[in-house]
Peer 1: 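Following this message is one structure expressed as structure tokens.
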Amino acid sequence: MANGTYYNDGSGWKRTHDRPPLRRPVATSGNYPDWSRFKWYVLGDSLTDPAGGVHTSKFYYQYIADKTGIQVIVDGLGGTGYYAGVSTNRNFVERVKNIPEDVDIVTIFGSGNDIPHGYDNYKQAIADTLMEFFVNRPGLPIIVVPPSPWATYPKRGDDWKNYCDTLELVALNYSFRYVREMWAAPPFDPNSTAARNAFFTKCADGIHPDENGHRLLAPYFYDAMAKVLVFKE
């Protein structure tokens, strides 16, 4: 699946421009809501990029769309972040400017790619990105999601902790929702062999989750989204 807008009518993924003018009921599973009328913009790095599909054939947003029917606009690009990608104008702040006017919710996922660029660079880039929303897209629900941990960073190691803490602080300063750091507490622990096996079965370097890893990521997004979209239903 390449970058673009997609929906799921219960029988599989289809391009949004092929969607019938009259919306048909979307099959949902269990107690999941019908979000078929909503558009979700997913912004991220390689863990969001369907073109790369690194170590997975199914992403966190597909698990959610399969349950709810929400339309997904995919904007994932490997190697980028709030700061990473600045030299090619593909970092997050540049891509935020292209988000369509009719989206209902945005999630920003990542990015561990920023950490090697240093605190001063990524702090300013995070602030610039969220300021773009605050000034030019007031009222648009924004959910900031920290990167899923890389096994190469010790659990709550200084570099990782500083990045996630900065991301949370800036997000809350702009009154945006922040999803708690995934591996700051059980059940995820990058130092645990069992946890890594459940998350990285295809990825020896412990960066890109597999299909099961994305399945484990999905509830973090879904729970935060449900708290916002309930007011739009």
Side-chain angles (χ1 to χ4, degrees), residues 1 3-6 39-56 58-65 68 70-85 90-96 98-99 103-115 122 125-126 128-130 132-133 137 140-150 153 160 163-168 170-172 174 176-184 188 190 199-200 203 206-229:
M1 188 172 77
N3 284 11
T5 311
Y6 297 82
K39 287 186 179 180
W40 171 23
Y41 196 95
V42 291
L43 177 63
D45 53 25
S46 57
L47 274 68
T48 300
D49 185 356
V54 182
H55 297 298
T56 188
K58 190 168 185 176
F59 292 80
Y60 61 93
Y61 47 84
Q62 291 173 292
Y63 283 101
I64 295 172
T68 67
I70 195 168
Q71 300 176 62
V72 185
I73 302 175
V74 183
D75 183 4
L77 185 61
T80 64
Y82 291 90
Y83 182 85
R90 301 304 301 275
N91 54 327
F92 288 174
V93 69
E94 295 299 325
R95 287 149 61 194
V96 163
N98 298 321
I99 294 179
V103 300
D104 297 287
I105 192 168
V106 175
T107 57
I108 313 175
F109 181 31
S111 166
N113 297 320
D114 289 330
I115 295 175
Y122 68 64
I126 291 169
D128 290 345
T129 302
L130 299 186
E132 183 71 25
F133 284 110
R137 303 298 294 272
L140 178 63
I142 309 299
I143 297 174
V144 178
V145 185
S148 57
W150 297 1
Y153 285 94
W160 198 268
Y163 184 79
C164 292
D165 287 351
T166 301
L167 194 59
E168 180 176 15
V170 178
L172 296 181
Y174 286 107
F176 294 145
R177 291 183 179 272
Y178 179 82
V179 176
R180 66 185 176 89
E181 188 182 346
M182 298 171 192
W183 285 13
F188 299 114
F199 208 76
F200 296 124
C203 185
I207 294 176
H208 299 96
D210 58 16
E211 290 85 359
N212 185 56
H214 278 273
R215 181 184 63 80
L216 295 171
L217 291 177
Y220 288 89
F221 291 82
Y222 173 80
D223 290 346
M225 292 167 64
K227 293 173 183 176
V228 173
L229 293 180

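What's counted below: heavy atoms across the whole structure, side chains too, no hydrogens, waters or symmetry copies.
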Peer 1: Please name all residues satisfying side-chain hydrogen bond (donor to acceptor under 3.5 Å, both in side chains) with N91, sequence neighbours left out, ordered by chain then number.
Peer 2: none
Peer 1: In Å and rounded to the nearest 0.5 Å, what is the CD to OH distance from E132 to Y174?
Peer 2: 11.0 Å
Peer 1: Is there a side-chain contact between I108 and Y82 in this structure, where contact means two heavy atoms from C-beta onward sitting under 4.5 Å apart?
Peer 2: yes
Peer 1: Which of these passes side-chain contact (heavy atoms from CB on, under 4.5 Å) with Y41: I73, L140, V72, I142?
Peer 2: I73
Peer 1: So T48 and F59, do their side chains get closer than 4.5 Å, heavy atoms only?
Peer 2: no
Peer 1: If the condition is salt bridge (Lys or Arg N to Asp or Glu O under 4.0 Å), which residues does R177 pass it with, not counting sequence neighbours?
Peer 2: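 Applying salt bridge (Lys or Arg N to Asp or Glu O under 4.0 Å) to R177 gives none.
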Peer 1: Calculate, to the nearest 0.5 Å, the distance between atoms CG and CG belonging to L77 and L43 respectively.
Peer 2: 10.0 Å
Peer 1: Using the test side-chain hydrogen bond (donor to acceptor under 3.5 Å, both in side chains), find all partners of S148 that sit at least two apart in sequence or belong to another chain.
Peer 2: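 So S148 forms no side-chain hydrogen bond (donor to acceptor under 3.5 Å, both in side chains) with any residue.
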Peer 1: When you compare the side chain of T80 with that of R95, does any pair of heavy atoms fall below 4.5 Å?
Peer 2: yes
Peer 1: Can you tell me how far apart CG (L229) and OG1 (T68) are? Round to the nearest 0.5 Å.
Peer 2: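 If we round to the nearest 0.5 Å, L229:CG and T68:OG1 are 8.5 Å apart.
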Peer 1: Measure from the side-chain N and O atoms of Y63 to the backbone N and O of E211, and report whether any donor-acceptor pair falls under 3.5 Å.
Peer 2: yes
Peer 1: Could you tell me which residues satisfy ring pair (Phe, Tyr, Trp, His ring centres under 6.0 Å) with Y222, sequence neighbours excluded, listed by chain and number?
Peer 2: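 Y222 satisfies ring pair (Phe, Tyr, Trp, His ring centres under 6.0 Å) with Y32, W35 only.
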Peer 1: For residues A224 and V179, report the shortest heavy-atom separation together with the two atoms involved.
Peer 2: CB-CG2, 3.8 Å
Peer 1: Measure across A171 and V144 and return the closest heavy-atom pair with its distance rounded to 0.1 Å.
Peer 2: CB-CG2, 3.9 Å
Peer 1: At their closest point, which heavy atom of C164 faces which heavy atom of P146, and how far apart are they?
Peer 2: SG-CB, 4.1 Å
Peer 1: Before you tell me yes or no, could you show the steps for F199 and L217 under side-chain contact (heavy atoms from CB on, under 4.5 Å), namely the whole-Å CA-CA distance, both residues' side-chain angles and the distance that decides it to 0.1 Å?
Peer 2: CA-CA 9 Å; F199 208 76; L217 291 177; 3.6 Å; yes
Peer 1: side-chain contact (heavy atoms from CB on, under 4.5 Å) between V74 and Y61: does it pass, once the steps are laid out?
Peer 2: CA-CA 9 Å; V74 183; Y61 47 84; 3.7 Å; yes
Peer 1: Sequence neighbours excluded, which residues qualify as side-chain contact (heavy atoms from CB on, under 4.5 Å) partners of E168?
Peer 2: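 Listed in chain order: L172, Y178.
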Peer 1: Nearest 0.5 Å, what's the CD1-CE distance between I64 and M225?
Peer 2: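 That separation rounds to 5.5 Å.
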Peer 1: Can you list everything that forms a ring pair (Phe, Tyr, Trp, His ring centres under 6.0 Å) with Y163? Sequence neighbours excluded, please.
Peer 2: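 Result, ring pair (Phe, Tyr, Trp, His ring centres under 6.0 Å) vs Y163: Y122.
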Peer 1: Run the side-chain hydrogen bond (donor to acceptor under 3.5 Å, both in side chains) test against S46 and tell me which residues pass, sequence neighbours left out.
Peer 2: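 Checked S46 against side-chain hydrogen bond (donor to acceptor under 3.5 Å, both in side chains); matches are H208.
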Peer 1: Compare all side-chain heavy atoms of V170 with those of F176 and state whether any distance is below 4.5 angstrom.
Peer 2: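 V170 does not reach F176 side chain to side chain.
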Peer 1: Between P147 and L167, is any pair of side-chain heavy atoms under 4.5 Å apart?
Peer 2: yes
Peer 1: Side chains of P141 and D104, heavy atoms from C-beta outward: is any pair under 4.5 Å?
Peer 2: no
Peer 1: My understanding is that only residues two or more places apart in sequence, or in another chain, count here; which of them pass side-chain contact (heavy atoms from CB on, under 4.5 Å) with N212?
Peer 2: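 Per chain and number, N212 pairs via side-chain contact (heavy atoms from CB on, under 4.5 Å) with A198, D210, R215, L216.
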Peer 1: CG/L47 to OH/Y60 distance, rounded to the nearest 0.5 angstrom?
Peer 2: 8.0 Å
Peer 1: Sequence neighbours excluded, which residues qualify as side-chain contact (heavy atoms from CB on, under 4.5 Å) partners of N113?
Peer 2: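 side-chain contact (heavy atoms from CB on, under 4.5 Å) check on N113 returns D45, A84, S111, W150.
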Peer 1: Do N98 and D75 have side chains that get closer than 4.5 Å, going by heavy atoms?
Peer 2: no
Peer 1: Identify, with sequence neighbours excluded, every residue that meets side-chain hydrogen bond (donor to acceptor under 3.5 Å, both in side chains) alongside T107.
Peer 2: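 T107: side-chain hydrogen bond (donor to acceptor under 3.5 Å, both in side chains) contacts with W40.
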Peer 1: With Y83, which residues qualify under ring pair (Phe, Tyr, Trp, His ring centres under 6.0 Å), at least two apart?
Peer 2: H117
